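Indexing begins at 1, ligand by ligand and atom by atom, following the structure's order. Just so we're clear, the structure is a prediction, and the values are computed from it rather than from any experiment.
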Amino acid sequence: MLSIENNEIRISPSEPVSQLKSAAPVYKLSGVFRDCCSISKPFAVVRKIPLYEVLSVSSSASQVTISCIRRHHSKRPIKTLILDVDNQERRDAFVEAVWSGAYANVQQRKRVIVLLNPFGGSGKAKHIWQNIVKHILEAAQYSIHLEETRYAGHAADIARKLVLADYDAVICVSGDGLGHEVLNGFSRREDAIEALKMPLAFVPAGSGNAAARSLYNTQDHVECVLAIVKGICTPIDLLSITQGTSRYLSYLSTSFGVIADADLGTEHLRWMGQARFTYGVVRRILSRTKYPCKLSLSIVCDDKSIIKKGYMEARSTSSGLASTDARDHKPTYASGKLPPLKYGTVNDPIPENWITHSFPKMGTFYTGLMPYMSSTACFFPTATPASGLIDVLYIQADIPFFSAINTVGAVDSAKHFDSEHCYYARCDAFRLTPEKTTELISIDGEKVVCEPLQGEIQRGLGMIITKNGHYYSHFDLDEK
Ligand code: ADP
Ligand code: MG
């Protein structure tokens, strides 16, 4: 017999109804229970399938078929269970109850466009798609349109022309760069505001998979896709950047100095996968390279203890708003093009209340909208999805060598946050003016021209599929 209790399907071979403790509905479906490949042996214990793991359920002439995930089995990620049941009414009631339990508050059978970057990371995206992602989405009865990107910028072109009404989400099988392209494709549309409401999801298949780690807390492809299928559409802040005469969007990071160099200056080492970043960082620190620049910050809070306390308190309450988060009501954007900028562009005078300093010996300037900047490095542990603020840090190049290595090396456990060498603030805008035009600037891991740029947060302008409405941060582990 089958019952649905405590978010599980319980399959009990002989348990009489009266012994089931809760008042949950019981589906007395008696019949032969089989696995996909073999008639199952008689079983004595109660089998339990968490509803979170159920992708779909369907009924045909005399059978109920349940497709669920096989966790930690990247080779065969789907398990199918078949139950022979004659009574149609019971069959239908059970099927309906499973669907609504498995997708409580989550849209079922989404229509998705999957963008796959065969060039990302060490080129494994196709393999990941064919062997894992495709099977899970099909088992969840998704309607899938697959597009392999053929050139850099292709994903932006697709996003610019996408018929929004045809899809419920965009899934990127890539690194972080494809997400950047999609958002910027959307941003150039006449209906940018509507397009940016299209939820974006990430399956990690690049060398920089910061978004997937921040959203799903794992690099395991089966877990990520399950989190996407069962995930929550969550509004996120976007950074509107102006540079020269252009304006574009960022959802992840801005880096200048050691980190940008380590990322963009190691393109030739793509074969190394993620290790190329570590190699790049250590090399730059060893050579004590300086990156002179001027920084102007619109600071909301730069007291680390207040920032951390606010984050921890917010995580333990249901509001999710850190005390340094902008408290104003979330803006509702008028439909149409990108919203106007509160602080003007990089070509306007710097607002009077911003703090400006020159840094002849800058080592790393880094801003982040998500906690993780790679699958392990938690550079911005207090970043939250729609706070209206961006986390900003810098580390100067003239600190002792071992301090530099220790500070950067501490990012996996977010210990750099407390380092005296690391400045940390939450801001709603900033301007970066590099002194030389020959350095590298990276936005979301993508190279942009080395010219002054200004970024301003636009609260809740984007949409992303998270596992549970939050970003994952190493600080959450400290709490436990
Ligand atoms: P990674 O994490 O390895 O950087 P990304 O997904 O960020 O992976 O993509 C890296 C770059 O690949 C992006 O700049 C993107 O524009 C570019 N790109 C996408 N498709 C192609 C392609 N078919 N050929 C070359 N470059 C591509
Ligand atoms: Mg990238």
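- Which parts of ligand 1 touch Leu178 is read off a 4.0 Å heavy-atom cut-off, strictly below it: atoms 6 (O).
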| query | Asp168 and Tyr142: side chain to side chain donor-acceptor pair (under 3.5 Å), yes or no, with the steps? | reply | CA-CA 10 Å; Asp168 301 310; Tyr142 269 41; over 6 Å; no

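- Judged purely by distance below 3.5 Å, without hydrogens or angles, the side chains of Asp157 and Tyr151 pair a donor atom with an acceptor atom.
- Between the side chains of Tyr424 and Asp302, no donor N or O sits under 3.5 Å from an acceptor N or O.
- Here the options are Tyr343, Phe365, Phe256, the test is ring-ring contact (aromatic ring centres under 6.0 Å, His included), and the partner is Phe430; only Phe365 passes.
- For Gly177, a nitrogen or oxygen atom sits less than 3.5 Å from a nitrogen or oxygen atom of ligand 1, counting backbone and side chain alike.
- In terms of polar-atom proximity, Gly120 is not counted as a contact of ligand 1, lacking any N or O under 3.5 Å from an N or O of the ligand.
- Inspection of the Asp303 and Ser305 side chains reveals an N or O donor paired with an N or O acceptor under 3.5 Å.
- By the criterion of a heavy-atom distance under 4.0 Å, both the backbone and the side chain of Thr149 are placed next to ligand 1.
- Which of Gly175, Gly153, Ala211 comes nearest to atom 6 (O) of ligand 1 through a heavy atom is settled by distance: it is Gly175.
- In this structure, Arg150 is part of the shell of residues with a heavy atom less than 4.0 angstrom from ligand 1.
- Residues forming a side-chain contact (heavy atoms from CB on, under 4.5 Å) with Ser56 (at least two apart in sequence, or on another chain): Ser67, Trp99, Gln141.
- Checking Arg426 against Ser387 by side-chain atom types alone, a donor-acceptor pair falls below 3.5 Å.
- The distance from ligand 1 to the heavy atoms of Glu181 drops below 4.0 Å at these ligand atoms: 15 (C), 16 (O).
- For Leu341, the side-chain contact (heavy atoms from CB on, under 4.5 Å) criterion is met by Ser240, Thr242, Arg247, Thr345, Glu456, Gln458, not counting sequence neighbours.
- If you number the atoms of ligand 1 from 1 as listed, the ones under 4.0 Å from a heavy atom of Gly208 come out as 2 (O).
- Under 4.0 angstrom from ligand 1, there are no non-hydrogen atoms of Asn209.
- Residue Asp176 approaches ligand 1 through these ligand atoms, each under 4.0 Å from one of its heavy atoms: 7 (O).
- Once rounded to the nearest 0.5 Å, the distance linking CG of Asn117 with OG1 of Thr149 reads 4.0 Å.
- Taking every heavy atom of Gly206 and a limit of under 4.0 angstrom, the matching atoms of ligand 1 come to 2 (O), 3 (O).
- Here's the thing with Pro118: none of its N/O atoms is less than 3.5 angstrom from an N/O atom of ligand 1.
- Residue-ligand proximity, Ser174 to ligand 1, at heavy-atom distances under 4.0 Å covers atoms 6 (O).
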| query | Can you check salt bridge (charged side-chain N to carboxylate O under 4.0 Å, His left out) on Lys342 and Asp428, steps first, answer last? | reply | CA-CA 10 Å; Lys342 182 169 150 193; Asp428 66 351; 3.6 Å; yes

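- At a 4.0 Å heavy-atom cut-off, ligand 1 touches Glu446 through the side chain alone.
- Of all the heavy atoms of His180, none lies under 4.0 Å from any atom of ligand 1, so neither backbone nor side chain is involved.
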